[in-house]
Asks: 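To start, I am sharing the structure in question, which I have written as structure tokens.
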Amino acid sequence: MGLESSCTAHFKGNSARGKLLLESDSLLFRGDFRLKIPFNSMRSVKASPATLRITFPDGTVAFDLGTAAARWADKILHPKSLLDKLGVNPSSVVSVLGMSDKDFLRQLRACASAVTTGKPAPSSDFLFLAAETPRALGALKKLPASLQPAGAIWVIYPKGQPHITEADVMAAAKSAGLVDVKVCSFSSSHTALKLVIPVSRR
């Protein structure tokens, strides 16, 4: 979600300065003590004029965020959908390669203007490439030819696996003449890395 702020957290009689980060499915605090609070474990999310209070199974934590407290609460209570995070909208032409996630394909077909699977459609706004192994990344070299100049390729790959890493994806992107501009959580098991054609070559 992209929110990040320095603040003071108060939890179980302790107070600490640190960094508060809002991720796609959890809230993280890193300071003298650390907390990770998944959205689905939150029992209450409330904002006073200057404080965000989160109640979860371990208790209630208060974050001093000043005037930003209400914005943080709104982001937690109304998270973006996966397609919102990926940028897909009703006018998008989408191509999906190597992906068997039926739920994701259903979401795409319900939202996008056109969805092609198996091979890239000409002038795609978005290309989704599922890469379970480094070998699958070889497809990146041919994909820009099927992309709108300002379009994007999202590479979906496993999280925390030694056989395919973010470094592998970025190296393959560079070899294909692409640059990485964004990363987001695709699911509990997979990450999505956004690649685009450099502005100088569009």
Side-chain angles (χ1 to χ4, degrees), residues 1-6 19-28 30 68 71-72 75-76 78-99 101 104-105 107-108 111-117 119-202:
M1 291 186 184
L3 280 185
E4 181 177 322
S5 180
S6 295
K19 188 79 71 176
L20 188 65
L21 303 121
L22 194 60
E23 297 200 329
S24 59
D25 58 1
S26 62
L27 189 68
L28 299 179
R30 296 172 181 157
R71 182 183 177 212
W72 279 76
K75 290 284 189 180
I76 293 168
H78 306 99
K80 286 185 177 182
S81 71
L82 175 59
L83 293 189
D84 287 336
K85 291 188 293 181
L86 297 172
V88 178
N89 60 59
S91 66
S92 299
V93 174
V94 178
S95 296
V96 183
L97 307 175
M99 186 174 295
D101 186 328
F104 179 62
L105 291 172
Q107 292 179 54
L108 282 176
C111 174
S113 171
V115 178
T116 299
T117 59
K119 64 178 182 179
S123 299
S124 293
D125 296 298
F126 294 97
L127 286 158
F128 290 93
L129 174 66
E132 295 295 321
T133 65
R135 184 176 180 180
L137 297 171
L140 285 174
K141 290 187 177 181
K142 294 182 179 180
L143 294 185
S146 299
L147 194 65
Q148 288 274 14
I153 298 169
W154 283 99
V155 178
I156 315 300
Y157 64 99
K159 292 179 179 177
Q161 296 297 316
H163 68 276
I164 181 168
T165 65
E166 182 179 69
D168 294 327
V169 180
M170 293 175 71
K174 184 177 181 181
S175 179
L178 299 164
V179 293
D180 60 287
V181 293
K182 184 178 180 180
V183 64
C184 77
S185 177
F186 182 80
S187 68
S188 60
S189 61
H190 285 69
T191 293
L193 186 67
K194 184 179 182 180
L195 309 174
V196 299
I197 299 169
V199 175
S200 62
R201 291 180 35 231
R202 295 179 189 173

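If you read the sequence from its start, that first residue is 1, and numbering goes on from there.
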Asks: Looking only at non-hydrogen atoms, find the nearest pair between E132 and I164 and report the distance.
Replies: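 Reported closest heavy-atom pair: O-CG2, 3.6 Å.
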
Asks: Just wondering, more than 12 heavy atoms not from K141 lying within 6.0 Å of its NZ?
Replies: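 No - once you tally the heavy atoms of other residues, nucleotides and ligands closer than 6.0 Å, there are 12 at most.
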
Asks: Quick one: sort the F128 and W154 rings into parallel, tilted or perpendicular, breaks at 30° and 60°.
Replies: parallel

Asks: Please confirm whether the backbone N or O of S189 pairs with a side-chain atom of S187, one donor and one acceptor, at under 3.5 Å?
Replies: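 Checking the backbone N and O of S189 against the side chain of S187, a donor-acceptor pair under 3.5 Å is found.
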
Asks: Report the C-alpha distance between D168 and Y157 in whole Å, list the side-chain angles of each, state the deciding distance to 0.1 Å, and finish with yes or no for side-chain contact (heavy atoms from CB on, under 4.5 Å).
Replies: CA-CA 10 Å; D168 294 327; Y157 64 99; over 6 Å; no

Asks: Cut-off 3.5 Å, side chains only: do Q161 and H190 have a donor facing an acceptor?
Replies: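 Judged by distance alone, the side chains do not pair up.
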
Asks: Do side-chain atoms of S95 reach the backbone of L127 as a donor and acceptor pair under 3.5 angstrom?
Replies: no

Asks: Between F126 and L108, is any pair of side-chain heavy atoms under 4.5 Å apart?
Replies: no

Asks: Could you check whether atom CZ of R201 has more than 12 heavy atoms from other residues, nucleotides or ligands sitting under 6.0 Å from it?
Replies: yes

Asks: Do S146 and K119 have side-chain atoms, one donor and one acceptor, less than 3.5 Å apart?
Replies: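 Absent: no donor and acceptor within the cut-off.
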
Asks: If every non-hydrogen atom of V179 is compared with every non-hydrogen atom of P198, which pair is closest and at what distance?
Replies: CG1-CG, 4.1 Å

Asks: If you look at every heavy atom in S91 and D125, which pair is closest and at what distance?
Replies: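 In this case the closest contact between S91 and D125 is O-OD2, 3.8 Å.
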
Asks: So which heavy atom on L140 is nearest to which on A173, and how close?
Replies: CD1-N, 4.0 Å

Asks: Are W72 and S5 side-chain neighbours, meaning at least one heavy-atom pair lies under 4.5 Å?
Replies: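 Sidechains of S5 and W72: in contact.
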
Asks: Does D180 form a side-chain contact (heavy atoms from CB on, under 4.5 Å) with V169? I'd like the steps, not just the answer.
Replies: CA-CA 9 Å; D180 60 287; V169 180; over 6 Å; no

Asks: Working note: E166 + T191, criterion side-chain contact (heavy atoms from CB on, under 4.5 Å); need CA distance, chi angles, decisive distance, verdict.
Replies: CA-CA 9 Å; E166 182 179 69; T191 293; 5.8 Å; no

Asks: Side chains of I197 and L178: does their closest heavy-atom pair fall under 4.5 Å?
Replies: yes

